[in-house]
Amino acid sequence: MPGSITTPEIELVIEKKTTDGGGGNLPPVDHPGGGDDGKRPPKRRPSPKRYYTGMVLGIVSILMFFMALASAFLVRRGSGDWIPVHIPTLLWINTAVLLASSATLELARHRLSQGLLSAYKNLWLVTTALGVLFLVGQVVAWRQLAAEGIYLASNPASSFFYIFTGAHALHLIGGVAALLYVAKRNFDQAQVTRSVAAEVTSYYWHFMDALWLFLLALLYLGK
Amino acid sequence: MVTYDDGASAPHSAHPSFLARYVFSTHHKTIGLQYLWLALASVLVGMLLSTLLRMHSSWPDTAIPFLTGFENTPERYAAIRLLHGSLMVFFVLTAAPQLGFGNFLLPLQIGAAEMAFPTLNLLCFWMTVVSLLGMTASFFYPQDVGINLWLASAAIFALAALLSALNFTVTTIDLRADGMTLPRLPVTVWAWFLNSILSMLIFSVLLAGCTALLADRLLGSQFFSATSFLAAQPQNLVRQGSQPILWQRLFWYFAQAEVYVAMLPCFGIITHLVATFSRKPVWKERLVVLALCGVGLVGFCVWGYHMFATGMNPYAPLVFAVLASSLGVPAAFLLASWLGTLWEARLQLTTAMLFSIGFISLFIAGGLSGIFLARHDLRSAAVSEDFVIGHFHLVMGVAATFAILAALFFWFPKLFGSRLNEPLGKIHFWMTFAGVYLIFMPMHWLGLLTQSQLLPAAQRATLASAGGSIRTLVTVATIVTVAAQILFVLNFVQALVRRKVAEADNPWRATTLEWSVASPPPESNFGNIQPVVYRGAYEFHAGPVYDFAPQHLAPELLSQKQS
């Protein structure tokens, strides 16, 4: 009988690679009345595994969303009314800004793991600022195209250009919001530590970065 | 990420306000029940609409009494069909087995106190409500506005389904109790889990399709351009170089996989119930799980077919879906397992079991008619729309409804603490069972008879005149079957009002974790005691006194009870 095996399941624990120096990892203050029966150990933070899993799955769904549009792009490209859109030069600068933000984010997390909280905070804010700069750059690029008379409704190629860059920008606004949230959050009583929150956010941010490179390549090579 | 600090385990006051208890509750059991209420309302409206449709096609000249705006125009008829289809597919077939029963039971069956992201769950429910209201409202607007509203509602539904699928997946991966290894998961949990993975992938495609189409219609972008698939397209949006086939591909990719999304949780429920009421382990349980994976994989793989195949005729995707859903290898495995479990079993023919067997019957009948449809030269074949409608209603709509009813009869004590009336339930079952065959089997004949291209014209005319009486038969059967649902509503209301304390916490002598707690379960599910799982989910035939071994019972306690 296969089910009668009573070997306990080996629990997979994601090892915490980073240790939090600046107070984020202090044992949380117990809620008044929380230890009701006295026998249980003081309340600990539940496993943060679900945040990692949730983020990875979220990334897969977002990827699927863009893949659906990308395959529509490839199919639609073959039609007669397709007038290619040239990529504004500004986009290459924006790309450099976004790549730099990923680098500063990793640096910030490294500082956090070393326990240098103020250095981490500064680098984190630099990352956020670079993210905002990228978004501003995208808006400027759209305005440049609009000045040339290329709008969303102009032709299929411009429609795809705007929906790819627009959808990516919307997702990146979410990323900026997450960065601000992690920066402002008080982690003393939260369910996750600062380093977990930073790591989960970094997954999303790096994904946004990679997704942008993919979309840029698609728009550049596929025009 | 969810900004959620201490919610699930926070101490609740004894009498929370109405808003806190129903509207803003993040508790998985409350939300699960709310999805079920939503589905119940939708199914009742959807059924009435189908009666209207049938009456109209049989007696076209009679004015529909309480719909003065109906005016017997083809557009209104199409709008009713759209509303019937949207309500049934989105808010009954997708919502009830997965979101309703799944939300209520999945954390209980894996031994968790809550879903992984409770606030997200609440958000998804209200987005679904908004989508339901939007789709219903689109019926009352002029066609052009109505279609936009419908598309926006579909996009909201897709986003909600996407996020709750993510929630389900994370919950199953990370929140299982100690000892709940993957092989010990109940097949229901497997089905919800695999279905969530599939939903995450396909609803993002629907979301992308709806976004692009809405942009086309509202902002004048040119993704699909002349979207001639929607009949009354305003002239200013129609441009040259039409690409409706692109939208068709995106949509059919979703629509095909949607068949599996509706059916997968039903497969899980039926496997679970058949084993419990046969008092036997699931026959070849691992193979069943593999088959469910196979169904999910087939559902996903049609993607490639749709993106790159060209020159589709409009029936091809449906045929493909029908072929894959009814005649696929995984479906055959599932069928073999159900029959293998039933073989020489000490059957307990409760209403829930009757509905399960009814499901299997419909599944076989639908599969057989699928063979006719699985021809590549369908257009020249001797079938018409009636045949297709009869087929997919039988295999998808009615079969899934039977699974939902079976689940409702089975888990009603767990949901509400009382049991549905068995004799009344059985009468309801037999009337519905006979009714759906009387509706959909003649529809198959109708499809074969009236539009057969292989017969000479004179014979066709004779057959077409015979079709009229078949149509009337179908309509009368529809009215009777819909009326029989009053029995169910009565049964339901009566059981709710009575609210007698269930005679036992485990009336069906089932093995899974949800039956190890009181019915209905306490707010915190398992309280302070973390459940531990010692064995697989289908250990029947365990001993002379107890004919089943609950998952949570430690081996030494079990041997005590046996002696």
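Because the structure is predicted, anything quoted here is derived from the model rather than measured. Chain letters run A, B, ... following the sequence lines, proteins first and then strands; every chain starts at 1.
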For this session: Using side-chain contact (heavy atoms from CB on, under 4.5 Å) as the criterion, point out the one residue from B:L206, B:L162, B:T211 that pairs with A:F65.
Result: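 Passing option: B:T211.
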
For this session: Mark yes or no for whether A:R50, through its side chain, and B:A116, through its backbone, hold a donor-acceptor pair below 3.5 Å.
Result: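 Flag set: sc A:R50 to bb B:A116 pair under 3.5 Å.
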
Rounded to the nearest 0.5 Å, what separates atom [atom1] in [X] from atom [atom2] in [Y]?
{"X": "A:S159", "Y": "B:L219", "atom1": "OG", "atom2": "CG", "result": "9.5 Å"}
{"X": "A:M67", "Y": "B:L201", "atom1": "CE", "atom2": "CG", "result": "12.0 Å"}
{"X": "A:S61", "Y": "B:L163", "atom1": "OG", "atom2": "CG", "result": "8.0 Å"}

Exercise. What part of B:I197 is in contact with chain A, defined as an atom under 4.5 angstrom from a non-hydrogen atom: side chain, backbone, both or neither?
Worked result: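 Answer is neither: B:I197 stays 4.5 Å or more from chain A.
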
Problem set entry | Minimum side-chain heavy-atom gap A:M64-B:V205 below 4.5 Å |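 Yes - at least one pair of side-chain heavy atoms lies under 4.5 Å apart.
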
What are the two closest non-hydrogen atoms of [X] and [Y], and how far apart are they?
{"X": "B:V170", "Y": "A:L57", "answer": "CG2-CD1, 3.7 Å"}
{"X": "A:L152", "Y": "B:S221", "answer": "CG-CB, 3.7 Å"}
{"X": "A:A153", "Y": "B:Q222", "answer": "O-NE2, 2.9 Å"}

Problem set entry | ring pair (Phe, Tyr, Trp, His ring centres under 6.0 Å), paired with B:F223, selected from A:W82, A:F73, A:Y162, A:F160 |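 Only one option passes, and that is A:F160.
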
Problem set entry | Which atoms of A:S154 approach chain B - backbone, side chain, both or neither, heavy atom under 4.5 Å |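 Contact with chain B involves the backbone of A:S154 alone.
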
